[in-house]
Every structure is written in C-alpha cells, then in structure tokens.
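Heads up, the thing below is written out as structure tokens.
These values consider heavy atoms only, across backbone and side chains, with no hydrogens, waters or symmetry-generated copies. Order of listing sets the numbers, starting from 1, for every ligand and every atom in it.
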Amino acid sequence: MAEKLTIQPLTKEAFAPFGSVIETDPAAMRYINGGTTERYNALAVAEAVGEDAKVIINIFRGSPRSFPYAVGMMERHPFGSQSFSPIDNRPWLVVVAQDEGGKPGRPQVFLAGGRQGVNYGRNVWHHPLIAMGAVSDFLVVDRLGGGNNVIEHFFDTPFVIEQP
Ligand SMILES: NC(=O)N[C@@H](O)C(=O)O
Ligand code: NI
C-alpha cells in the first residue's frame with residue numbers, strides 16, 4: 001500500500017537541510033543602480049565540480065503532473081547543485097529526502113509558490129521537476145561537465161502525493 005506524503009509550505013528554514021529558497025527575501029535585499037533596482041543578493045550558491053565542470057543556465061518546460069502522483073524514485077547530482085525558478089508564476093512541488101546510508105529516506109514534499117525557486121545542494125536527493133496545473137517554464141541553473149552527474153534510486157514501494 002503506497003504511503004501518503006503530507007505537503008508543507010516551502011520556507012527557507014524548513015528547506016535548509018536540502019538547499020536554499022530563491023525568493024525576494026527582504027533580508028537579502030539592497031538597493032543598486034541609483035536606487036532604481038532592488039538586488040536580492042546571493043540567495044543561493046551554484047556549485048559545479050569535477051572534470052570540465054561549468055555552471056550552465058537552462059529553461060525546463062515542465063508538463064503538469066496528474067494527481068494522485070506516485071513518487072517512485074529520487075535522484076541526486078554528485079557533481080553539482082541544481083536550481084529551479086518558476087517563470088510563469090505558478091505553484092509547483094518540491095520533493096526532497098535526507099540521505100540514509102546512500103539511499104533517500106522518506107520523501108518530504110513542499111508546496112512552492114509561483115515566485116519561489118529552490119537550489120538543491122550538490123548530492124541532495126530530489127524528485128525531478130513536478131510542475132502543476134499547466135505547462136510551466138523554469139529557469140534552471142546546474143552543472144555541465146564530465147562524468148555521470150545523475151544517480152537514481154527507485155523505491156520498492158512508491159509513495160503517493162494526493163491532489164495538493
Ligand atoms: N534530467 C534533468 O536534467 N532534470 C532533473 O535533474 C531534475 O531534477 O528535474
Ligand atoms: Ni535533478
């Protein structure tokens with residue numbers, strides 16, 4: 001029987017074990033350009049290590065997932081971080097897990113607002129992009145380089161996310 005996963009709101013504090021939240025945090029803001037621009041500074045740090053490693057900027061166009069949704073696998077990127085920032089101002093889901101002996105533990109699900117992005121730290125277990133409601137574009141900053149940068153784990157029994 002698939003275990004149901006609860007959904008919690010995405011906050012900087014709750015997400016801290018997994019990475020950073022990319023949002024207009026007043027604590028990170030300073031005025032630049034003669035006061036015409038608010039700079040929300042250093043919300044996350046992109047990391048790229050290993051052979052020929054580069055930080056790259058991408059757009060992912062995610063098709064909406066249908067619910068109830070089965071979380072059957074998680075992945076991690078050993079050579080770099082990976083960030084997702086929504087372009088279409090639509091809520092989406094972030095699914096992460098702590099590492100337990102080299103495998104993901106019980107997934108944790110966060111509901112991200114349309115103006116909230118995340119940066120998964122290097123090697124953090126996460127589920128691939130889960131867009132909701134309509135085809136949604138995300139600005140993605142991650143790593144290009146040598147070696148295999150994706151490790152996947154498939155659960156013996158999927159977990160399930162009911163309709164958010
Ligand atoms: N495959 C790919 O680049 N995407 C995944 O890493 C993901 O987290 O969506
Ligand atoms: Ni990924």
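- Listed for the R90 side chain is a donor-acceptor partner under 3.5 Å among the backbone atoms of V135.
- Nearby protein atoms of type N, O or S around the Ni ion (ligand 2) amount to 4 (distance under 2.8 Å).
- Grouping the Ile, Leu, Val, Met, Phe, Trp and Tyr side chains by contacts below 4.5 angstrom, directly or via other members, places F18 with V21.
- Taking 4.5 Å as the limit, some side-chain heavy atom of Y120 sits within range of a side-chain heavy atom of V96.
- Here the side chain of D137 pairs no donor or acceptor atom with the backbone of I87 at under 3.5 angstrom.
- A donor-acceptor contact closer than 3.5 angstrom links the side chains of E75 and H126.
- Taking the charged nitrogens against the carboxylate oxygens, R106 and E3 do have a contact shorter than 4.0 Å, which makes a salt bridge.
- Using a 4.0 Å cut-off between charged side-chain N and carboxylate O, E162 and K4 make a salt bridge.
- In this structure, the ring of H153 has its center less than 6.0 angstrom from the ring center of F155.
- Within 4.0 Å of ligand 1, contacts by protein heavy atoms are made from F60, E75, H77, Q82, F84, H126, P128, L129.
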Yes or no on ring-ring contact (aromatic ring centres under 6.0 Å, His included) for F159 and H127, after CA distance, side-chain angles and deciding distance? CA-CA 12 Å; F159 296 86; H127 187 280; over 10 Å; no
